[in-house]
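Before any comments, here is the structure.
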Amino acid sequence: MSIHFYNTISRQKEEFLSIEEKKVRMYTCGPTVYDFAHIGNYRTFMFEDLLRRYLEFRGYEVIQAMNITDVDDNTIRRSREKGVSLKELTNEYKAGFHADLKSLNIQPAHQYPEATQYVSEMIEMVQELEKMGFAYKTDDGSVYFDIGKYDGYGKLAHLKPDEMERGERVTDDSYEKEGARDFALWKGYKPEDGDVEWDSPWGKGRPGWHIECSVMSTELLGAHFDIHCGGVDNIFPHHENELAQSVCANGSKFVNYWMHSEYLLVDNKKMSKSLNNFYTLRDLLDKKYPLAAIRWMLLTTHYRQKLNFSVERLDEAQKAVNRLREFVSKLADYDGQGHDDGKNSVMSAKADFTAAMDDDLNISGGLAAIFELVRWGNRAMDNEELSKEGAGKILKLVQSFEHVLGVLTMKEEPSPKLDTVYIESKIAERNAARANKDFARSDAIRDELADQGIELIDTPDGTKWKLK
RNA sequence: GGCGUGGUGCCCAAGUGGUCUAAGGGAGUGGUUUGCAAAACCAUCAUUCGCCGGUUCGAAUCCGACCCACGCCUCCA
């Protein structure tokens, strides 16, 4: 059995073969840190997390690098609007980004290269391209990549340069260019750039957007590596340009598998800043949606499928997570004396899960395998057919699935104003009332706590409580 | 204009020629449990896969036309 991934460049599923045995090097396009990321952004990082976790589940060692774009038009503009330095601005959002990744239980990449740390390497690569005749300088001190010199241009995005619509962009583009669609490798200094500038052979200026990924991926993963990911909106122009630069500069193959995740939608429209229909992670947490529900929702729709966001889906997601968590705790506590060792169910669940996920991360199929095991296990425990050892085996399997899902053991942020002593005293008071069969009083206390968002659950082991 | 993606039960969503009278999750319904609830558990829940035609012994799955939704071709995960 082998893993297959959909490769954007060939537009079909291909068998996954790593360059090095059991080792995968992947580059994942990270954020531009000029604002808080919204959950549409996080969908992509979640997909990359799933990809990496699954490869690890399948026994690969994964080396992941994720870039941080900390200099570009947006960051410069925003820092000037806010009247802070570029560094100050990007540091703030960089910190926010890392905090969100942690909240969402996204495994940290091994490297987070920042564009501003690699400017001299970028200059070198631009010089190489210029030397080889793939780039040209313009009078304003900029350097452009000449797409006419590279006949593979458009291969990734499946666009033919001469068939692309022109629009009216020539007028609002202040740079001089020989060809209409050549792109900037290096941007000559303009007054709007403020104090953001580097010296270069072409005068002072700053790097173009695309060159950073070519340089940083080459530096950290080598000229030729296994997987490159991002959102579908990165396909063109960003990844197309990166591909052109890297292939021309390094003279070798660049990436074996290009994988892109689809958009997160709101009311069937792309979630974006301009439509003002976005939610940040903080927005959802403020509305008391649990992190596990958010992770589950983002994770469990196939990455190449558009995902229409709604808060109702968060509620559904939370219930599914609860069901799994309940199953795990039942397995852990199980002390039955049945004779079924669960072997068959464990084997088929593992096989079904793996077969589904091997097929381009078919998470729906993977979850079906897990929930079939849940149903079987619950029934076997209820009927005392399962042995204690069997429960242990199932638990172990579920924990290995958890390495892929990363959702059962997620920590929720503690609610700041929670007086646990008060809650416990109310519960004690209610239990006293219940013991006296004063159910009117007991129900009143339950309602009182419910109004404060605290839900009581009576179990054979006593009364438990949780946040609604 | 060019290039794409998707339309499956009340909702979400797998399945891409026979084992599909269609997986799984949520909701609903019935039951177990409970002082009553809640939660949990069990059971049940599409002869049907946007529409029309065609190919085939056989189609949700292939082909053609059409309708609808969304995206890319410009910064965007």
Side-chain angles (χ1 to χ4, degrees), chain A residues 11 28-32 34-35 37-48 72-74 77 154 157-169 172-173 181 209 229-238 240 260-265 268-274 278 296-297 300-308 310 312-313 315-327 329-330 352 356 359 362-372 374-375 377-379 381-383 433-435 437-440 442-443 446-447 450 455-460 463-464 466 468:
Chain A
R11 301 215 173 173
T28 52
C29 259
T32 301
Y34 70 104
D35 200 349
H38 57 64
I39 57 164
N41 303 128
Y42 286 118
R43 185 189 186 191
T44 294
F45 305 133
M46 196 68 84
F47 145 65
E48 290 157 354
D72 79 322
D73 295 354
N74 290 322
R77 182 173 33 78
H158 295 250
L159 292 170
K160 295 196 177 85
D162 38 311
E163 283 175 12
M164 280 158 38
E165 191 178 339
R166 289 228 170 179
E168 296 173 26
R169 58 189 278 266
D172 42 279
D173 193 331
R181 285 160 241 93
W209 174 37
C229 316
V232 287
D233 45 354
N234 278 153
I235 296 171
F236 193 90
H238 187 51
E240 188 70 60
H260 294 95
S261 61
E262 255 296 349
Y263 289 128
L264 182 77
L265 310 177
N268 283 311
K269 294 269 189 291
K270 175 179 170 179
M271 179 177 282
S272 71
K273 302 243 153 107
S274 55
F278 62 91
W296 185 269
M297 183 198 70
T300 56
T301 294
H302 184 79
Y303 75 96
R304 286 192 291 113
Q305 180 86 25
K306 293 176 183 79
L307 194 174
N308 204 3
S310 70
E312 288 78 20
R313 292 189 64 156
D315 293 331
E316 291 179 16
Q318 185 60 45
K319 284 173 185 155
V321 174
N322 286 345
R323 182 148 190 235
L324 269 183
R325 285 182 173 163
E326 202 69 39
F327 183 57
S329 80
K330 262 176 86 174
D352 291 350
D359 181 14
N362 184 346
I363 188 79
S364 301
L367 293 179
I370 295 176
F371 280 107
E372 271 164 21
V374 169
R375 187 148 32 82
N378 275 327
R379 211 187 299 122
M381 283 190 281
D382 281 1
N383 300 337
R434 291 176 72 208
K437 303 224 186 284
D438 182 0
F439 297 121
S442 121
D443 290 350
R446 183 165 64 196
D447 292 344
E455 186 170 18
L456 298 187
I457 303 143
D458 294 327
T459 75
T463 301
K464 294 176 181 168
K466 66 174 185 180
K468 271 196 206 167

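These numbers were taken from a predicted model, which means no experiment stands behind them. Computed from heavy atoms alone, side chains included, the values below leave out hydrogens, waters and symmetry copies. Each chain gets a letter, A, B and so on, in the order its sequence line appears, and its residues count up from 1.
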*Mind checking the P distance from B:A14 to B:A59? Whole angstroms is fine.*
24 Å
*Quantified in whole Å, what is the C1' atom distance between nucleotide B:A37 and nucleotide B:G18?*
50 Å
*Please measure how far the C1' atom in B:U16 lies from the corresponding atom in B:U5, and state the result in whole Å.*
16 Å
_Nucleotide nearest A:Asn268 (side chain, heavy atoms from C-beta), chosen from B:C70, B:A14, B:A38_ = B:C70
*Could you tell me the separation between the CZ atom of A:Arg313 and the CD atom of A:Glu316, rounded to the nearest 0.5 Å?*
7.0 Å
*asked:* Would you measure the distance from the C1' atom in B:U47 across to the matching atom in B:C11 and give it in whole Å?
replied: 23 Å
*A:Lys306 has an atom NZ; how far is it from atom P of B:G71, in whole Å?*
8 Å
_By nearest atom, which of the nucleotides B:A77, B:A13, B:C73 is closest to the A:Phe236 side chain?_
B:C73
*asked:* Looking only at the side chain of A:Thr32 (C-beta and beyond, no hydrogens), which of the listed nucleotides B:A69, B:A38, B:A77 gets closest?
replied: B:A77
*Taking the nucleotide of RNA chain B with the closest heavy atom to each, which residue, A:Leu307 or A:Phe439, is nearer the 5' end?*
A:Leu307
*Atom OG1 of A:Thr301 and atom CG of A:Leu264: how far apart are they, to the nearest 0.5 Å?*
9.0 Å
*With a 4.0 Å cut-off on heavy atoms, is A:Gly230 in touch with a base, just the backbone sugar-phosphate, or nothing at all?*
sugar-phosphate
*Please round to the nearest 0.5 Å and tell me the distance separating atom CE of A:Met271 and atom OH of A:Tyr42.*
12.5 Å
*Smallest separation among heavy atoms of A:Arg304 and A:His260, with atom names*: CG-O, 3.9 Å
_Listed nucleotide nearest any side-chain atom of A:Gln305, set B:A14, B:C75, B:A40_ = B:A14
_Atom of A:Phe47, atom of A:Cys229 and distance for their closest heavy-atom approach_ = CE2-CB, 4.0 Å
*Look at the side chain of A:Asp352 and the base of B:G24, then say whether one donor and one acceptor between them are separated by less than 3.5 Å.*
no
*Check the distance between B:A14's C1' and A:Ile370's CD1 and give it to me in whole angstrom.*
14 Å
*Using a cut-off of 4.0 Å on non-hydrogen atoms, how would the nucleic acid contact of A:Ser442 be classed: base, sugar-phosphate, or nothing?*
base
*If we take the P atom in both B:C3 and B:U44, what is their distance in whole Å?*
49 Å
*If you look at every strand shown and take non-hydrogen atoms under 4.0 Å, does A:His238 touch a base, only sugar-phosphate, or nothing?*
nothing
*Could you state the interatomic distance from CZ (A:Arg323) to CD (A:Glu326), rounded to the nearest 0.5 Å?*
10.5 Å
*Between A:Leu159 (CG) and B:G4 (P), how many Å, whole number?*
10 Å
*Please give, in whole Å, the distance from B:A39 P to A:Arg325 CZ?*
17 Å
*Out of B:A37, B:A14, B:C70, which nucleotide sits closest to the side chain of A:Asp458?*
B:A37
*asked:* Once you apply a heavy-atom cut-off of 4.0 Å, does A:Ile363 come out as touching a base, just sugar-phosphate, or nothing?
replied: nothing
*Starting from C1' on B:A38, measure out to CD on A:Glu326 and report it in whole angstrom.*
12 Å
_Pair A:Asp382 + A:Arg379, salt bridge at N-O below 4.0 Å_ = no
_Only Watson-Crick and G-U wobble pairs with both distances less than 3.5 Å should count. Give RNA chain B in dot-bracket notation, marking inter-strand partners with |._
((((((((.[[[..)..(.....]]].(((((.......))))).....[.[[[..)....]]].])))))))....
*For A:Asn362, which contact category applies under a 4.0 Å heavy-atom criterion: base, sugar-phosphate, or nothing?*
sugar-phosphate
*State, without any angle test, whether A:Arg325 and A:Asn322 hold a side-chain donor-acceptor pair at a distance under 3.5 Å.*
no
*Minimum-distance nucleotide to A:Asn41 side chain [options: B:A77, B:G15, B:U74]*: B:A77
Review item, nucleotides 26-33 of chain B N/O atoms under 3.5 Å of protein N/O:
residue : atom : partner  : partner atom : Å
B:A27   : OP1  : A:Lys319 : NZ           : 3.3

*Would you say the base of B:A38 and the side-chain of A:Arg446 have a donor-acceptor pair closer than 3.5 Å?*
no
_Between B:G15 and B:U61, how far apart are the two C1' atoms, rounded to whole Å?_
9 Å
*Please confirm whether the backbone N or O of A:Thr28 pairs with a side-chain atom of A:Glu48, one donor and one acceptor, at under 3.5 Å?*
no
*Using a heavy-atom cut-off of under 4.0 Å over every strand shown, decide if A:Met381 touches base, sugar-phosphate, or nothing.*
nothing
_Closest to the A:Tyr263 side chain, choosing from B:C72, B:C70, B:C36_ = B:C72
*Check every strand shown and say whether A:Asp233 touches a base, only sugar-phosphate, or nothing at a heavy-atom separation below 4.0 Å.*
base
*Can you tell me how far C1' of B:G71 sits from NZ of A:Lys270, to the nearest Å?*
8 Å
*A:Arg379, nearest nucleotide to its side chain (from B:A43, B:A14, B:A40)*: B:A43
*Whole-Å distance between B:A39 C1' and A:Asn378 CG?*
13 Å
*Donor-acceptor pair, side chain of A:Asp359 and main chain of A:Asn362, under 3.5 angstrom*: no
*Rounded to the Å, how far apart are A:Arg304 CZ and B:U16 P?*
12 Å
*Closest nucleotide among B:G24, B:G71, B:C3 to the A:Arg375 side chain*: B:G24
*Nearest-nucleotide comparison on RNA chain B, the residue closer to the 5′ end among A:Asp359 and A:Val374*: A:Asp359
*Which part of the nucleic acid does A:Lys464 contact within heavy-atom distance under 4.0 Å: base, sugar-phosphate only, or nothing?*
nothing
*Interatomic spacing from CZ in A:Arg446 to OG1 in A:Thr463 - rounded to 0.5 Å*: 9.5 Å
*With a 4.5 Å limit on heavy-atom distance, are the side chains of A:Tyr263 and A:Ser272 in contact?*
no
*Expressed as a whole number of Å, how far does the P atom of B:C49 sit from that of B:A43?*
28 Å
*asked:* I'd like to know if the side chain of A:Asn378 and the backbone of A:Arg375 have a donor-acceptor N/O pair within less than 3.5 Å.
replied: no
*Say you pick atom P in B:G25 and the same atom in B:G64; how far apart are they, in whole Å?*
37 Å
_Proximal nucleotide (of B:A13, B:A77, B:C42) relative to the A:Thr301 side chain_ = B:A13
